[in-house]
Amino acid sequence: QLLALRKMDLSVELFEQIDRALACLEDISGASYLKSFQAVTIDPLKRKGISYAETQKEVSDRYRELIPVYETLCEQAGLTPGRFTATASSVKLLETEIERVHGLVSEMEEQAYISQCIDDAMSELGYELIGDRMVTKRSGKKFRNELYLFEEGTAVNVTYASDGRITMELGGMDQVDRAPTSTEAERMRSDMEHFCGEYHKLEKLLAEKGVVTQHISLLPPSEECAMIINTSDIKKMTQEENEEETWDEE
């Protein structure tokens with residue numbers, strides 16, 4: 001019975017107890033002593049060993065169940081999976097990590113859905129998506145910009161921040177970084193007022209798609225908010241080219 005226990009997947013402590021019992025067994029003679037040793041030492045060890053093995057099997061089964069889920073979630077979130085082992089404490093940490101990464105994936109899916117809804121709504125309003133870009137600032141914060149043609153020479157710049165915040169700005173377009181002229185600023189203020197009226201239509205379309213517009217901030221129409229969008233690093237949208245690029249920006 002003790003040798004059979006020795007072949008099971010047990011803890012170091014249980015192996016040590018079994019080895020001590022085997023050593024004691026060599027010094028025992030007589031049926032009465034053996035019977036007492038069976039009741040006092042061997043039977044409790046058997047119960048401990050079987051219980052430990054059953055628990056370990058449950059932990060191993062849970063580990064094998066969770067690992068593919070965790071690796072899939074990490075792949076979806078763009079993360080490198082951590083290392084975990086088939087122990088009770090490690091599996092507990094794995095469950096916590098799965099919950100965390102699942103939350104990240106859910107946020108990404110929500111942002112992707114909102115982005116798609118905005119794309120669809122802007123298209124329904126007649127605004128053409130003319131380009132996009134990914135921006136990584138030196139602080140590590142990431143933004144995604146989408147540019148929609150508003151009028152000739154002006155565009156609506158939709159910025160998606162990594163925290164889920166969405167900002168819509170209307171600006172002129174040029175291939176360089178510069179401030180708008182007073183004439184351009186005055187014309188853009190008029191365009192801003194026009195777009196603010198259009199925004200209510202956008203708001204209604206988004207509501208129909210289940211998107212709460214408190215996620216979107218709209219800057220007020222004023223000449224002070226007029227801006228020129230440098231489109232030199234904006235990736236033009238074509239049927240053949242739709243992969244994202246990362247741009248460094250101070």
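What you see is a predicted model, and the numbers here were worked out from it, not measured in a lab.
Residues that satisfy the salt bridge (charged side-chain N to carboxylate O under 4.0 Å, His left out) test with Glu124, not counting sequence neighbours, are Lys209. Residues passing the ring-ring contact (aromatic ring centres under 6.0 Å, His included) test with Tyr127 are Phe150, sequence neighbours excluded. Evaluation of the salt bridge (charged side-chain N to carboxylate O under 4.0 Å, His left out) rule for Glu95 yields Arg62 as partners, not counting sequence neighbours. Checked against side chain to side chain donor-acceptor pair (under 3.5 Å), Ser36 has no partners two or more places apart in sequence or in another chain. Under the side chain to side chain donor-acceptor pair (under 3.5 Å) criterion, Ser190 pairs with no residue, sequence neighbours left out. Looking at residues two or more places apart in sequence or on another chain, you find no side chain to side chain donor-acceptor pair (under 3.5 Å) involving Gln56. Applying the ring-ring contact (aromatic ring centres under 6.0 Å, His included) test to His102 and every residue at least two apart in sequence or in another chain returns nothing. When the salt bridge (charged side-chain N to carboxylate O under 4.0 Å, His left out) test is applied to Glu198, the partners found at least two apart in sequence or on another chain are Lys201. Among residues two or more places apart in sequence or in another chain, the side chain to side chain donor-acceptor pair (under 3.5 Å) test is passed with Tyr148 by Asp119, Glu146.
Contact between Met188 and Ala226 at its shortest, heavy atoms only, is CE-CB, 4.0 Å. Shortest non-hydrogen contact noted between Pro180 and Ala185 is CB-N, 4.3 Å. Counting all heavy atoms, side chain and backbone alike, Pro68 lies closest to Thr72 at O-OG1, 2.8 Å. Heavy-atom minimum distance, Met173 versus Ile228: C-CG2, 4.4 Å. Residues Ala121 and Leu205 share a closest heavy-atom pair of O-CD1, 3.8 Å.
Of the charged side-chain nitrogens involved, at least one lies within less than 4.0 Å of a carboxylate oxygen, so that Glu97 and Arg100 count as a salt-bridged pair. A salt bridge is defined here as a Lys NZ or Arg NE, NH1 or NH2 lying under 4.0 Å from an Asp or Glu carboxylate O, and Arg187 with Asp191 meets this definition.
Sorted pairs that involve residues 30-49 and meet ring-ring contact (aromatic ring centres under 6.0 Å, His included), not counting sequence neighbours, are lacking altogether.
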Check: residues 1-11 side-chain donor-acceptor pairs under 3.5 Å, at least two apart:
| unit_1 | atom_1 | unit_2 | atom_2 | d |
| --- | --- | --- | --- | --- |
| Gln1 | OE1 | Gln38 | NE2 | 3.1 |
| Gln1 | OE1 | Lys46 | NZ | 2.8 |
| Gln1 | NE2 | Gln38 | OE1 | 3.1 |
| Arg6 | NE | Asp19 | OD1 | 2.8 |
| Arg6 | NH2 | Asp19 | OD2 | 3.3 |
| Ser11 | OG | Leu14 | N | 3.2 |

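Between the side chain of Ser51 and the backbone N or O of Lys48, no donor-acceptor pair lies under 3.5 Å. Although no hydrogens or angles enter the test, the distance criterion places a donor-acceptor pair under 3.5 Å between the side chain of Glu184 and the main chain of Thr181. Listed for the Thr231 side chain is a donor-acceptor partner under 3.5 Å among the backbone atoms of Asp174.
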What verdict does the side chain to side chain contact (heavy atoms under 4.5 Å, CB included) test give for Leu206 and Ile118, after you've listed the backbone C-alpha separation in whole Å, the side-chain angles of each residue and the deciding distance to 0.1 Å?
CA-CA 7 Å; Leu206 291 176; Ile118 290 177; 4.0 Å; yes

Run the side chain to side chain contact (heavy atoms under 4.5 Å, CB included) check on Glu151 and His194 step by step: do they pass?
CA-CA 11 Å; Glu151 296 286 353; His194 179 201; 4.1 Å; yes

CA sep, side-chain torsions, deciding dist, call: Ser90, Arg83, side chain to side chain donor-acceptor pair (under 3.5 Å):
CA-CA 9 Å; Ser90 186; Arg83 296 178 64 86; over 6 Å; no

Any chance you could lay out the side chain to side chain contact (heavy atoms under 4.5 Å, CB included) test for Ile18 and Leu45, step after step, and finish with the verdict?
CA-CA 7 Å; Ile18 293 169; Leu45 267 177; 4.3 Å; yes

One pair to check against side chain to side chain contact (heavy atoms under 4.5 Å, CB included): Thr167 and Val158. What are the steps and the verdict?
CA-CA 6 Å; Thr167 304; Val158 182; over 6 Å; no

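Within a 6.0 Å sphere centred on CD of Glu99, other residues, nucleotides and ligands contribute 12 heavy atoms or fewer. The environment of Glu75 atom CD is sparse: at most 12 non-hydrogen atoms of other residues, nucleotides or ligands sit within 6.0 angstrom. Under a cut-off of 6.0 angstrom, the local environment of CD in Glu13 is sparse, with at most 12 non-hydrogen atoms contributed by other residues, nucleotides or ligands.
The hydrophobic cluster around Val101 extends to Val59, Tyr63, Leu66, Ile67, Val69, Tyr70, Leu73, Leu79, Phe84, Val91, Leu93, Leu94, Ile98, Leu104, Val105, counting ILVMFWY residues whose side-chain heavy atoms fall within less than 4.5 Å of a member.
Clustering ILVMFWY residues whenever any of their side-chain heavy atoms sit less than 4.5 angstrom apart, transitively, puts Tyr113 in a cluster other than the one holding Met108.
Residues Met168 and Leu202 form a side-chain contact, since some pair of their non-hydrogen atoms from C-beta on lies under 4.5 Å apart.
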